[in-house]
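Report on one structure; see the data block that follows.
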Amino acid sequence: MMKKFLFKSLKFTVFATVFFALLNVAYFGIVIKRDHGFRNRMESLKFDNPDFEVLAFGASTSFDAFDTELLTANGFKSYNMAIAGSSVKTSHIQLKEYLDMYASKPEYILLGCNAPMVTTFDDEYIIPEIEVTMKDHKYSLNDVPIFKFKWMGFELLKRIVSETHREARLELGQLKFQKNIPDQTDYEDQELEFDEYESSFWIGEVVELCQENDMKLIIIEMPGYKATQNLSKTGHHTITCKNGLTADLYNFNSQEFCSIFVSDADWVGNSHLNEFGAIKFTNEVIRLLNELEDQL
Amino acid sequence: MNTISAEFALISIAAAIIYYLINHKYRVGFLAILSCAFVASFNYFLLPYIILYSLINYYIGIKLPDSKNKILLYRTGIVFNVLQLVILQYASFAIDPFFNLLNSDFHVSKLSEIIVPIGISYFTLQGLGYIINIKMGWEKPEKKFLDFLVYITFFPKFLSGPIERSNHFLPQLNETQEFNEEQVSTGLRIALFGFLKKIAIANQMSPFVLDTFADLGTADASSLWILLFLLPLYLYFDFSGYTDIAIGFARMFGINLLPNFNRPFFSENVTTFWKRFHISLASWFGDYIFRQTVFKRRKWGVYASMYAVFITWMLFGIWHGAGWNFMLLGLLQALAINYEFFTRKFRYRFFVKWPRFFKVWFGRILVYLFYGVSLVFFFAPDLQSTFTFLSGLSVSSFSLYNFIDVLWRQIPLSAMVLAFLFLVFELLEEDHKGLIEKFKYIWSDGWKWSRLFRWSVYSFILAMLFVLGNKAEQFIYAQF
């Protein structure tokens with residue numbers, strides 16, 4: 001009796017293992033095709049004409065905010081390589097990879113940062129979409145897709161049931177939302193912490209990589225909800241990194257700069273711009289790039 | 001050892017296999033060793049304490065029927081059980097304040113830091129129940145100490161019940177258990193669904209619930225309203241998940257534990273709700289407190305019941321913990337049950353012309369909301385927080401938009417979908433038995449793809465547990 005049961009259990013174990021493997025293959029296939037972050041990553045690994053003049057990096061706020069279609073229409077052929085959850089280290093990896101893979105180098109690198117949303121710019125975490133598709137990545141059991149990319153499943157589930165989530169679309173690497181969630185927060189008296197930028201190892205590494213490759217790096221403190229905005233000047237500011245190199249920082253999260261955004265029209269929630277807010281933001285970036293072009 | 005872990009599941013399965021391989025004579029001993037090891041995994045001092053506790057109750061049980069001082073021995077047994085519970089569980093509330101009044105630094109509650117009294121509320125009720133049963137002649141004393149030790153410590157139910165009755169549990173230990181594939185498979189299936197409830201639903205809701213309670217002062221009205229609606233579901237999936245795991249693993253050893261839940265959210269009044277929610281506890285209080293009190297005060301007529309309801313539910317509240325919150329939790333239930341008792345004719349006349357559907361759902365929704373409010377007393381750390389919560393539930397500052405937005409962002413959709421599916425299944429079991437019978441037929445080999453379907457569902461659940469189960473969380477009722 002027990003032998004029969006143990007044999008049946010063994011059969012079930014084999015079945016469950018095969019099921020698990022198939023489930024992972026199917027899940028991976030779905031997220032790689034449907035998840036915006038993954039699609040962005042896969043696109044950036046096989047550009048047909050990678051002659052971009054501008055590349056944007058950063059986390060989710062940059063993913064939503066850099067309107068690369070608008071930049072391209074204004075003469076700056078560009079691609080938004082930012083991905084939700086990305087760390088500065090991840091951006092450094094992406095940029096280095098890009099320079100290794102493609103012969104042409106961009107003229108401008110935009111690095112979007114959010115001092116109020118992270119505890120440090122030196123998070124060693126590499127986001128999974130990048131990690132598992134890196135050339136020298138050693139695969140382990142931790143890379144099982146349904147585990148590694150579980151939040152993508154939740155996001156896909158949201159898209160199944162919510163029309164506003166389905167409406168989001170990816171254009172030249174930018175994730176565009178039409179939805180609006182008003183900013184109902186209040187201003188707080190705070191200054192931008194430049195020390196955070198200057199003491200960051202990974203920002204220093206990005207600065208070094210850009211200088212070595214003769215690319216102009218523009219670091220941008222990304223706009224956020226009122227509660228995250230600061231009283232410091234928009235700038236530009238010059239920061240000196242730990243490695244002695246300097247870079248330009250633009251504080252686009254100053255109360256002064258963020259006055260261009262309308263609370264109940266330009267946000268998609270939690271300090272992220274919707275496509276209308278992104279247009280306003282990108283117009284300012286274009287003005288800045290034109291000024292830099294004129295200086296050259 | 002955390003019950004909600006792969007380690008616990010694998011050890012239990014391996015133990016069940018060994019259990020059937022060893023001679024029947026040694027099986028109770030094996031269960032005793034297993035259960036003692038489980039107890040010791042929490043605290044080394046707890047194990048000798050539990051053995052001593054069992055020994056005293058066992059001795060009183062043996063001596064009670066033939067004792068010349070039967071009443072004295074019986075009362076000694078009751079006092080011993082209650083006193084050790086008060087000392088180890090309620091000292092900070094019931095004893096230490098007296099020492100403080102005498103300007104003494106002596107704290108009895110320090111004892112509970114040495115003997116961490118995990119599961120004490122549960123095993124005390126089992127000990128008390130046993131002594132009362134013997135005194136009343138409802139069962140004969142257990143002669144084998146090992147059997148009695150297993151009754152008190154049986155590892156699947158030790159932490160949070162179900163609260164077993166000795167006359168239900170002990171006879172099962174003496175039955176010769178042959179390996180039964182159906183029984184073991186059923187046990188595994190029940191436990192698997194228990195893990196699913198706990199890990200994929202309750203644990204996913206828990207960050208929102210706990211974070212909001214931790215910072216009630218800053219929570220907006222929408223969050224509080226969501227919490228009010230969510231609390232019954234959260235507690236239900238947490239506790240019934242645990243109970244399913246306990247019942248499932250016990251079933252693998254051929255032991256049927258008492259049921260604890262029976263589709264509680266489809267109760268149409270509070271009285272019925274408590275016959276379906278935490279059944280083993282409510283029925284324990286019903287049998288040993290309510291009935292005894294009514295019997296003692298039988299001369300009071302109908303007021304004896306009213307009085308007994310208050311006594312029973314106040315004790316029920318206090319059982320959950322030392323604090324005014326828990327007393328009020330009990331008081332609320334007593335008020336509701338008495339209200340239902342005394343207004344039943346009026347309510348019958350009022351509702352008699354209502355269509356059955358509206359009548360049923362009106363009752364169900366009202367009971368759910370009542371329980372939601374009651375749980376604010378359960379979860380809030382003190383009375384002040386409870387009133388902060390309830391006063392924050394203003395209708396004027398409620399915004400449906402914010403409600404949906406907070407719900408959407410804070411509660412994982414997978415948890416909501418699964419909770420919904422479980423409730424739909426329960427609703428069908430409650431109101432549409434025919435459909436459920438058809439489903440059960442398909443599920444159990446009534447269709448040529450039944451096994452494939454079943455195994456796929458099990459495999460999918462295992463995959464979900466693998467994905468979501470990386471964060472260890474204890475269940476709520478383990479604190480009692």
Side-chain angles (χ1 to χ4, degrees), chain A residues 1-28 31 141-165 179-186 227 264 267-272, chain B residues 13-14 16-22 177-189 192 200 204 218 220 222 252 397 399 401-402 404-418 420 451-471:
Chain A
M1 194 75 161
M2 193 189 268
K3 266 185 193 167
K4 198 179 148 199
F5 174 75
L6 289 176
F7 183 65
K8 208 169 163 184
S9 303
L10 190 70
K11 274 206 297 191
F12 174 72
T13 309
V14 173
F15 177 86
T17 310
V18 173
F19 184 92
F20 191 67
L22 289 175
L23 186 70
N24 274 287
V25 170
Y27 184 74
F28 192 62
V31 293
L141 258 183
N142 290 331
D143 293 326
V144 170
I146 58 167
F147 184 68
K148 189 94 176 175
F149 308 113
K150 69 176 171 189
W151 84 95
M152 290 182 184
F154 296 137
E155 290 304 313
L156 290 174
L157 215 51
K158 281 184 183 175
R159 281 162 65 187
I160 290 169
V161 297
S162 154
E163 204 180 337
T164 46
H165 279 76
K179 186 185 172 187
N180 170 246
I181 294 178
D183 173 9
Q184 293 179 328
T185 62
D186 290 321
D264 53 4
W267 300 99
V268 70
N270 196 23
S271 289
H272 292 65
Chain B
I13 293 167
I17 293 169
I18 296 169
Y19 178 80
Y20 289 106
L21 289 175
I22 58 181
Q177 295 285 349
E178 292 304 327
F179 179 82
N180 181 331
E181 188 188 326
E182 177 63 26
Q183 186 167 265
V184 174
S185 315
T186 306
L188 277 171
R189 191 184 63 237
L192 184 67
Q204 306 307 310
T218 58
D220 58 9
S222 306
M252 286 169 58
S397 56
S399 142
Y401 182 84
N402 279 352
I404 295 168
D405 183 50
V406 174
L407 189 69
W408 189 245
R409 283 189 287 112
Q410 302 280 358
I411 316 293
L413 192 60
S414 57
M416 289 196 281
V417 171
L418 273 175
F420 176 76
R451 181 185 284 190
L452 182 69
F453 174 58
R454 252 188 350 253
W455 282 17
S456 301
V457 171
Y458 298 149
S459 303
F460 189 74
I461 292 173
L462 284 171
M464 278 193 86
L465 297 178
F466 172 79
V467 173
L468 300 169
N470 55 339
K471 204 172 80 182

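In what follows, chains carry the letters A, B, and so on, assigned in the order in which the sequence lines appear, proteins first and then strands, with residues in each chain numbered from 1. All values below were derived from every heavy atom in this structure, side-chain atoms included, with hydrogens, water molecules and symmetry-related copies excluded.
- With a threshold of 4.5 angstrom between heavy atoms, B:L188 approaches chain A through side-chain atoms but not through N, CA, C or O.
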*Test A:Y27 against A:F149 for ring pair (Phe, Tyr, Trp, His ring centres under 6.0 Å), laying out the working first.*
CA-CA 9 Å; A:Y27 184 74; A:F149 308 113; 7.5 Å; no
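- Both the backbone and the side chain of A:F12 come within less than 4.5 Å of a heavy atom in chain B.
- Residues passing the salt bridge (charged side-chain N to carboxylate O under 4.0 Å, His left out) test with B:E178: none are found, sequence neighbours excluded.
- Across every non-hydrogen atom of A:D143 and A:K148, the tightest pair is OD1-NZ, 3.1 Å.
- The parts of A:I146 that come within reach of chain B are both its backbone and its side chain, each placing non-hydrogen atoms under 4.5 angstrom from that chain.
- Ring planes of B:F466 and A:F147: tilted class, angle from 30 to 60°.
- In terms of non-hydrogen atom pairs under 4.5 Å with chain A, the most contact-rich of B:S185, B:S459, B:S414 is B:S459.
- Checked against salt bridge (charged side-chain N to carboxylate O under 4.0 Å, His left out), A:K179 has no partners two or more places apart in sequence or in another chain.
- Using a 4.5 Å cut-off between heavy atoms, A:I181 contacts chain B through both its backbone and its side chain.
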